[in-house]
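Just below is one structure, and these are the notes that go with it.
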Amino acid sequence: MKFRYSLYLLACFSATTYANDSYELDKLSVTATKVQRATKEVSQSLAVVDSKEIDDKNIINISEALNTTAGVNVESSSNSSSAKLIIRGAGLKARFGVREIMVIKDGVPMTDPDSFTRFDFIDMQDVEAIEVQKGPGSILSSNATGGVIQLITKSVFDEGKDRIKLGFGTYGSSLANLRVSKALDEHNYIAINASKTKNDNSWRDNNEVESKQVSLKYGYLFDDEATFESELSYTKSDMQLPTSMTKDEFEEFEKSGKQEDTSSPWQHNARNSEILFFNTKYEKKVGNITYKPRFYFNTWEHFHPVSAMINDSDDNSVYGIDLELNYEHKLFSNSAMLVAGVTAKQDVSKNSKKYTYKDYTTTAGIKVDIDKTLSEAKGELANKEDSTSTLYGAYLQESFAPTNKSLVDISLRVDKVKFDVDGTEYLKYNWSGLPFGGKGTYYEGDGEYSIDETYTLFSPKLGVSYALSANTNIYASIASANQAPTDSELKTNRVENKGVLKKTRSINYEIGLKNRSKDYLFDMAIFQNDVKDEVTATKEGYTTYYQNAGKTQKRGFEFSGQYNFNKNFSLGASYTYSKFKFKEFLEDGTQNRSGNYLPYIPKNQYALFATFNYLGFKSRVQTRTWGSYYMDNANTQKYEGYKFVTDLMLGYERKNHSIQLNINNIFDKHYAMSVSKDINSDITYSAAAPRTAMLTYTYKF
C-alpha cells in the first residue's frame, strides 16, 4: 500500500521519537489550521499526545491521556469516560461532562451545538493521536472559548495496526481489543475494531463501569488519488456515578482508601448509553483546489439517574454536514493556502422524560423527607420535553508566508446557534424542604415552559509565527470567540426565574516560543484571556443556576519540554501558572466577588516524566502535582491539592509480542480530585482513585 494515501493521519506520530538511530524532530498538526503543518510553526499553544504515549500509559479514558498536559485540568471521579475537563479555566462551570471545549473525532464534532460533549462513544483503543489546541479563535468552532481537542483514530488505510490486546488488573478491571484490517484489492479497504472494558472500582460504592464498542471502517482509493472513507460504530456504555463526600467522610477515605456508606441521599446515580454513529467523507483534488465534503449522523439514548431526578431519553439524533475546500495559490511569491467552508449541525431530542425516584427511605416530617435512594427504579413522571439545538456557520482562513521565515494566519468563523425547547414540569424537587420543613421533597412543578433563544457567534484570529533559527520559532496571536449558554443552563434559569443569559465574549492575547532539536524540545506560552459575561455556576444548597459574571481575566504561563540524553533515555516536564480572577462579579446579585480567584484552578500545576527504552525493554515513570485552590467564588477556604501522584510503566517487546505492567498512583495516595463549597458553606469532596494496576499482553499481526 502507498502510505501517501493514508492522508494526514499518518503525520500524527511521536514527537522526538527514535527509530534506527534517526530522530523525528517535530510532530505535525492537522487540526489547528486545517492544514498539515509542523507544530512549531503553528501560531498557538498546541499539545500532541502521540501513539507511543497512548500505548505506554495504557490509556483507557480521556483523563488519563491529558492529566499531564500544561494548561489542562482533567480528572474523572469514576475512572471512566465521565471526565471533568478544563482548558485555561474554560469548562469550569460544567456540573458534569465537558463544556466550552470542542471535541472532534476525525474531523467530526462530538460536541453538540449547545457545547455539551459525551465521551461515552470514544474508543481510546482506536485512537492514534490527540491534539489539544488551547484558547479561542479556532475555525473548527466559534462556540468553544476553551479550545479544541481532536481525536485522530487509526485510518482504514493504515498498515501494521492489526493487533489483539488483553488486560487484567486490580478492582476487577479488564480490557480486550481486536483490530483487523485488510486491503480487498488496490481500491477497497476495510478495518474492524472491537473493544470491551470493565472496572468494578470496588474501592468506592456505586462505581462500576463497563463499555462495549465495535466499529467498521471502509475506504476506497480512486485512480486519481481521490479518497472515500466511512465509519459505522456502535457503543453500549454502562457507568455508575458515585456520590461526593462530606469533610468527615473524606477524612475517613484518607485513612482507609475506601469510600463506603456516604450520607448523600443519591446513591444510585448512573449514565447508561447506547450510541450508533456514522461518518462519511470524500476528498478530491482538482487543479489547485481540494474538495472535502463530509456528512455524519448519530443516534443515542440514555438512562441517567442523577440527583433528585431520573433522566430517561431514547429518541435523540444528531445530523451534521461540513463542506470544505482548500485553495493552493501564491502570495508574496510564496505558497499560500485558503481554507473555506460552510457547516451545519442539529441535535434533536424528542419526548425526553424525567422521573422521580420510586424507592427511597424517609424520615418523619410535615412532608416526606428523602434520606437515601434504594434503587434506580422510576417513580412518577416529573418532566417531559422536546428540544432542538441548531448550529450553522461559515469559516474562512488565509495562511501565507510574507517572507521565507514567517507565516501568517488570518481567519474568521461566524455561527448562529438556536435553541428551541418546549416542556412541561409536573413535579420538582425542593432541596431545602421549605416551606414544608425537613431536608427536601418532591412537590408541584411550574407547568409548561418554552425557550426560544438565538445567538450569533464570531471567532476571528490573527496569528504570526517567525523562525528564529532552523529549530526555533517565536509566535504571537490575538483571537476572540463567543460562547453561547447551553440549553440546560437556559432552562435551569427559566425554571428558577434567574433571567436570560448573555453570550460570553473571550479575547485571548498570546506569545510563545517553540524549539525542536535533536537533544531537546520545548514549548513556552504567556497568555492573557479577557472574558466578558462569563457564564458562572452558582449553588444554593444542591440547586445550581447560572449567571453572567461581569468581567474575568485569566493570565497564565505554560511550559512543556523534553531532554533526550540519547536514543534510549529522556526526561520531560510541564508546568502551568494560572492567575484567573473575577474583575467584576456580583454573585447572586448581592455578593461582590470582584478581585477574587476563580475556584478549582490551582495557581501552580506541574508534572515530570522519564522514559527508558533498551533492547526491547521499556519503562515510563511520571508524577503530577496540583497546588492549592479556592473551593468557592467567595475565596473563603482553600483545598491544599495533592503532590507527586506517581504512575509507573514497565514493559518488554519482542518481535510481535508485548507485555506491559501499568501501576497508577503507585504510592497509594488518598486524595480528592475536586473539592467545592457552595454559598451555604456546604463542602463536598470527590475522591480520586487509590493505587490501581493492569497487566496487558499485545500481539501484533
D533-T504 side chain donor-acceptor pair, cut-off 3.5 Å:
no
With K384, which residues qualify under salt bridge (Lys or Arg N to Asp or Glu O under 4.0 Å), at least two apart?
none
Would you kindly say whether D322 and Y395 are connected by a side-chain donor-acceptor distance under 3.5 Å?
yes
Can you list everything that forms a side chain to side chain contact (heavy atoms under 4.5 Å, CB included) with S560? Sequence neighbours excluded, please.
D523, S574
Beyond-backbone contact of W626 with Y600, side-chain heavy atoms, under 4.5 angstrom
yes
If the condition is ring pair (Phe, Tyr, Trp, His ring centres under 6.0 Å), which residues does Y509 pass it with, not counting sequence neighbours?
none
Non-neighbouring partners of Y577 that pass ring pair (Phe, Tyr, Trp, His ring centres under 6.0 Å), sequence neighbours left out:
none
Determine the minimum heavy-atom distance between D386 and N351, stating which atoms define it.
OD1-N, 2.5 Å
E510: partners by salt bridge (Lys or Arg N to Asp or Glu O under 4.0 Å), with sequence neighbours left out:
R88
So, S313 and S352: side-chain donor and acceptor under 3.5 Å apart, yes or no?
yes
Please name all residues satisfying ring pair (Phe, Tyr, Trp, His ring centres under 6.0 Å) with F585, sequence neighbours left out, ordered by chain then number.
F582
Contact summary for Y296 and A344, nearest pair of heavy atoms:
OH-O, 4.0 Å
Can a salt bridge be assigned to the pair R294 and E229 using a cut-off of 4.0 Å between side-chain N and carboxylate O?
no
With sequence neighbours excluded, tell me which residues meet salt bridge (Lys or Arg N to Asp or Glu O under 4.0 Å) with D126.
K217
Any salt bridge between K134 and E558, counting N to O under 4.0 Å?
yes
Angle class for the Y319/F297 ring planes (parallel below 30°, perpendicular above 60°, tilted otherwise)?
tilted
Test salt bridge (Lys or Arg N to Asp or Glu O under 4.0 Å) applied to K418 - qualifying residues, sequence neighbours left out
D452
Using the side chain to side chain contact (heavy atoms under 4.5 Å, CB included) criterion, which residues pair with V421? Sequence neighbours excluded.
E385, S387, Y449, I451, D487
Output yes when D347 and K345 qualify as a salt bridge under the 4.0 Å nitrogen-oxygen rule, no when they do not.
no
Going by atom types only, do Q605 and N73 share a side-chain donor-acceptor pair under 3.5 Å?
yes
What residues, two or more places apart in sequence or in another chain, satisfy side chain to side chain contact (heavy atoms under 4.5 Å, CB included) together with T280?
F228, S230, F278, F295
Ring centres under 6.0 Å, that's the criterion: do W266 and Y429 meet it?
yes
Contacts of Y392 that satisfy ring pair (Phe, Tyr, Trp, His ring centres under 6.0 Å) - sequence neighbours left out:
none
Taking only Lys NZ, Arg NE, NH1 and NH2, and the carboxylate oxygens of Asp or Glu, determine whether K378 and D312 approach each other closer than 4.0 Å.
yes
Report the residues that fulfil side chain to side chain contact (heavy atoms under 4.5 Å, CB included) with N311, sequence neighbours left out, ordered by chain and then residue number.
H302, H304, V306, K354
Under a plain distance cut-off of 3.5 Å, with no hydrogens placed, do D420 and T388 share a side-chain donor-acceptor pair?
no
